[in-house]
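Working notes, structure below.
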Amino acid sequence: MKPFQYTKAVTQQSAIEAIAKPGVKIIAGGTNLVDLMKRGVTAPDKLVDINNLPLKSISLDKAGQLHIGALALNSTVSESPLVLEQQPLLAMALKAGASPQLRNMATVGGNMMQRTRCAYFYDTTMPCNKRQPGSGCGALEGYNRMHAIFGTSNKCIAVHPSDMCVALAALGAEVTVSSRKGSRVIPFTDFHRLPGDHPEKDNTLADGELITGVVISNNKFAKNSYYLKIRDRQSYAFALVSVAAALEINNGTIKEARLAMGGVAHKPWRLYDAEKALAGKPANEESFNQAAQIAMQGAKGYQFNSFKLKLAPAAITEALKHAAGIA
Ligand code: SF4
């Protein structure tokens, strides 16, 4: 590992000043960054530890919006009575992620910033446009069983590994960020990006910006939501396919639906057309099957991941059935 400097930021402003310089990275839980540094995938000159910043709170405002600080631990959020009562979908997704030990270290902001688990990205002897732009993509013609079926490019077919982010995309959360230029809000679905010609960029965070938290608007999905994760083993495995499903149901009719998938794209994949198709329909298996077929439009499999083309619609239907209470 390349030698690096390490400092602790004591104020948000000092953290922002520190990360305004090139070669500086933020560290909080470090559950992904330290692995990346050990393997030589990333080699910052300096780490700024932000664990002392006051960004750990979870609160509800008068409008019913849930505010979660960027440094709130994944385990704390998943067990928070406020989250369990107001946004249980988020708690379900967090509990499906990683292991209890990792959830005790990982933060909300770090979860958003974690990088793909594409094996070629971590193997510095292999070509990877994300790690080294212009070097090629080992996965395109390689072992691509875990890879994307939506929104791919000929430069990269990696998936975003988070479960939490799939729930936050479905719930229409917003990300708050701060930098020397001030603060701004990024819709969660715009935070992560598709690979296009620049797979080295995972998200739309500008240089020098610090994630300060996420905000989830008041909604009526608490009663009918479900996170389904399908993986090779029951714990500590990344999703082959996951589905965050949230429904508002009135007298058996769907008033509003929210759907997002994990394990299928370079970003949490929101299923807008399927959501529209569900609005006004009865909350039954037939509606869910139709929505699942609509959701799969534009999907494309590769040599080893074409099984996802069948697995994904089945998972959507199953998640919706659980959300509606008819599974
Ligand atoms: Fe790299 Fe993306 Fe290709 Fe994986 S899929 S090898 S991350 S460019």
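In each ligand, atom 1 is the first atom listed, and ligand 1 is the first ligand listed. Keep in mind that what you see is a predicted model, and the values were worked out from it rather than measured.
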Review point. Angle class for the H147/Y120 ring planes (parallel below 30°, perpendicular above 60°, tilted otherwise)?
Key: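 Aromatic pair H147/Y120 classed tilted.
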Taking side-chain hydrogen bond (donor to acceptor under 3.5 Å, both in side chains) as the cut-off, I'd like each qualifying pair that reaches into residues 28-41, sequence neighbours left out, listed once.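 Listed by first then second residue: N32-Y122.
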Subject >> Polar contact flag, side-chain donor to acceptor under 3.5 angstrom, T204-D190 >> reply: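 D190 and T204 do not have a side-chain donor-acceptor pair below 3.5 Å.
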Taking 2.8 Å as the strict upper bound, atom 3 (Fe) of ligand 1 has protein N, O or S neighbours numbering 1
The salt bridge (charged side-chain N to carboxylate O under 4.0 Å, His left out) partner of D202 among K267, R131, K130, R193 is K130
- prompt: Are E209 and R184 ion-paired here, with the side-chain N under 4.0 Å from a carboxylate O?
  reply: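 Counted as a salt bridge, because a side-chain N and a carboxylate O are separated by less than 4.0 Å.
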Hey, is D45 close enough to K25 for a salt bridge, meaning N to O under 4.0 Å?
no
